[in-house]
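The sequence lines fix the lettering, A, B, ..., with proteins before strands; numbering per chain opens at 1. Values below: every heavy atom of this structure, side chains too, minus hydrogens, waters and symmetry copies.
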Amino acid sequence: MKPRLRFAPSPTGYLHIGGVRTALYNWLWARKTGGAFVLRIEDTDQERSTPESVRVILDSMKWLGLLWDEGPEVGGANGPYTQMERLAIYAEFARKLVDERRAYRCYCTKEELEQQRAALKARDPKATFKYPGTCRNRTTHPDQPFVVRFIAPESGQLTYTDKVFGEITTPNSAQQDFVLLRSDGVPLYNFGAVVDDIAMGITLVSRGRDHMVNTPPQILLYEALGRRPPEFAHLPMMLAPNGEKLSKRHGAVSVGEYRDQGYAPAAVLNYLARFGWSHGDQEVFSIDELVGAFDWEHCNRSDGKFDAKKFLAIDHEHLKTERLVPTAEYVRCLLPFLEKRGLSGLDAARVAAAIPMIRERATTFVDAADRLDFVFRDVLVVDPAAAAKFLVPANADRLVELAKVVEGVEAWDAPAIEAAVEAWLQRAGLSIKEVAQPARVALTGRTASPGLFDVIAALGRERAAARLRAGAGAVVA
RNA sequence: GGCCCCAUCGUCUAGCGGUUAGGACACCGGCCUCUCACGUCGGUAACACGGGUUCAAUUCCCGUUGGGGUCGCCA
């Protein structure tokens with residue numbers, strides 16, 4: 001039977017990079033095995049869930065290329081895929097559990113429990129408050145709000161085999177009569193997830209290690225419901241460099257931020273896949289390679305620390321490699337960033353032609369747009385410090401001479417330009433070192449740029465000559 | 001504190017009883033060079049500790065220490 005996996009985020013903000021990793025592992029396995037990848041929105045926390053966040057999650061997933069077989073927008077046979085639209089289903093399952101004496105109505109109020117919890121903590125700050133089972137054997141049913149609690153076993157133990165952590169055994173004494181349904185009928189996490197995973201036929205649940213503690217109660221629920229639990233595969237956590245939980249205060253943590261910083265989607269996936277999983281010594285993967293190589297056996301069990309520099313290096317690697325980011329894709333990704341700089345209405349072919357000279361240099365699309373800015377901008381922006389240093393009187397004549405040489409080049413390509421310039425340097429008894437930097441500043445406005453001849457070729461004969469002359473003129477002005 | 005999990009260079013990791021403990025990022029040198037990059041050559045750098053098991057432990061077992069997760073009518 002083909003496996004069915006899911007990613008079930010709660011729409012309470014941006015899509016966290018750690019969440020993307022669990023989504024990715026699920027997606028990879030579904031793709032590799034020909035199984036199904038289901039996206040489910042767990043919006044039962046009405047305080048924090050927002051429609052905007054759902055939008056962000058969907059857009060982020062699409063940008064990454066983590067498309068779902070069933071879920072919001074695409075539908076499917078097991079919908080709806082948003083929990084708040086499934087309330088009737090949870091009610092039905094809860095009713096069944098109560099009828100079969102596997103769960104009961106609890107009329108204790110939140111305030112009462114809060115008070116008990118506080119009292120216990122006051123006596124012993126480290127004690128664990130467990131619901132005392134006050135309503136467990138209650139026979140009267142007052143006309144008051146109630147929650148539905150599960151009847152948890154008090155002795156024995158529960159063992160399951162995790163696909164990455166192996167055999168995990170937990171004593172049932174660690175469990176308590178946890179709440180299934182709130183007084184308003186909205187399910188709590190464990191119940192909602194189990195009911196939906198059953199209803200949606202999920203066969204393998206992979207999620208962060210922070211959920212490992214939820215697995216025993218969930219398995220108990222499957223048993224009470226007469227269902228065989230799915231397989232579980234927990235993933236180690238992605239921590240901040242200082243070992244803390246990775247959050248906003250450690251820098252960019254959302255998919256949107258990396259998209260805005262000009263990262264390639266495949267590079268994001270590559271970095272995340274390699275975090276906690278390995279395939280021998282291979283560091284760089286295309287998405288197809290990831291799908292082909294992914295397995296649970298090589299998933300690590302220890303937490304890791306996010307490394308922004310390595311992430312950047314992986315992105316750089318992708319941008320450098322035609323196989324990973326084909327030129328057409330490069331152009332498509334780069335265009336928006338050029339537009340953001342005010343360089344709009346550019347011809348795709350023209351942009352494609354300029355890419356080779358910055359390909360190995362640019363680490364992100366934002367970086368690429370910055371490096372290519374001089375090619376597409378009509379009025380050059382010149383770095384004052386660079387001008388002060390290189391556009392000086394001593395260089396004026398040379399720039400004018402170079403302009404003439406450039407205008408005289410016959411065939412217009414970098415090698416031809418280089419040949420013409422070299423010939424002139426010979427005649428004039430000059431070295432390229434004496435001319436390159438002044439020319440570079442005149443042509444690009446900066447002291448760092450692609451190779452001089454590529455720059456001239458990209459600008460075109462007239463524009464290159466004009467800028468060189470302007471550079472010479474800037475000296476006088 | 002209870003329950004659960006983890007432990008190889010600074011970081012991500014390879015390793016599945018016998019290796020000069022390998023790779024990548026980062027860092028430091030050399031080369032290349034019109035700048036910046038790229039590339040290339042080399043270098044610094046790790047098996048947390050203590051017991052076992054074994055002819056032999058980074059590898060298997062136990063403990064210690066350290067780190068993490070979780071203890072809600074959040075997810």
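OP1 or OP2 of B/rG68 has not a single side-chain nitrogen or oxygen of A/Lys305 nearer than 4.0 Å. Phosphate proximity of B/rG72 to A/Arg117: present, with a side-chain N or O under 4.0 Å from OP1 or OP2. Listed pair A/Thr44 / B/rA75 meets the phosphate criterion, a side-chain N or O lying under 4.0 Å from OP1 or OP2. Neither OP1 nor OP2 of B/rC4 sits under 4.0 Å from any side-chain N or O of A/Thr170. Between A/Asn300 and B/rA14, a side-chain N or O to OP1/OP2 separation shorter than 4.0 Å is present. Distances shown here put a side-chain N or O of A/Arg182 below 4.0 Å from the OP1 or OP2 atom of B/rC74.
With distances taken from any side-chain atom of A/Phe165 to the nucleotides B/rC74, B/rA14, B/rC6, the minimum falls on B/rC6. Closest contact between the side chain of A/Arg301 and the listed nucleotides B/rC6, B/rU35, B/rG68 involves B/rC6. Closest approach to the A/Lys320 side chain among B/rC38, B/rU35, B/rG23 is made by B/rC38 (side chain taken as heavy atoms from C-beta onward). The listed nucleotides are B/rA37, B/rC73, B/rC4; the one nearest the side chain of A/Lys110 is B/rC73. Listed nucleotides: B/rU35, B/rA75, B/rC6. Nearest to the side chain of A/Asn214: B/rA75. Here B/rA14 is the nucleotide among B/rA14, B/rA75, B/rG69 with the atom lying nearest to any side-chain atom of A/Ser278. Distance from the side chain of A/His316 is smallest to B/rC38 among B/rC12, B/rC38, B/rC3.
Aromatic rings from A/Phe306 and A/Phe275 are positioned such that their centres are separated by 6.0 Å or more. Taking the six-membered ring where the residue is Trp, the centroids of A/Phe294 and A/Trp277 are separated by under 6.0 Å. Taking the six-membered ring wherever Trp is involved, the centroid distance between the rings of A/His318 and A/Tyr330 does not fall below 6.0 Å.
A salt bridge links A/Glu42 with A/Arg40: the closest approach of a Lys/Arg side-chain nitrogen to an acidic carboxylate oxygen falls below 4.0 angstrom. Of the charged side-chain nitrogens involved, none lies within less than 4.0 Å of a carboxylate oxygen, so that A/Arg398 and A/Glu401 do not count as a salt-bridged pair.
When Watson-Crick and G-U wobble pairs are counted only if both distances are under 3.5 Å, B/rC60 pairs with B/rG52. As the counterpart of B/rC73, no nucleotide is assigned, since no Watson-Crick or G-U wobble pattern has both distances under 3.5 Å. B/rG39 is paired with B/rC31 under the criterion used here, namely a Watson-Crick or G-U wobble arrangement in which both key atom distances are under 3.5 Å. Pairing of B/rA45, defined by two Watson-Crick or G-U wobble distances under 3.5 Å, is not identified with any nucleotide. Judged by Watson-Crick or G-U wobble contacts below 3.5 Å, the nucleotide B/rG17 has no partner.
Taking the C1' atom of each, B/rG30 and B/rU44 are spaced 15 Å apart, rounded to whole Å. Comparing the P positions of B/rG15 and B/rG51 gives a spacing of 29 Å, expressed to the nearest Å. Taking atom P in both B/rG17 and B/rU64, the straight-line distance is 27 Å, to the nearest Å.
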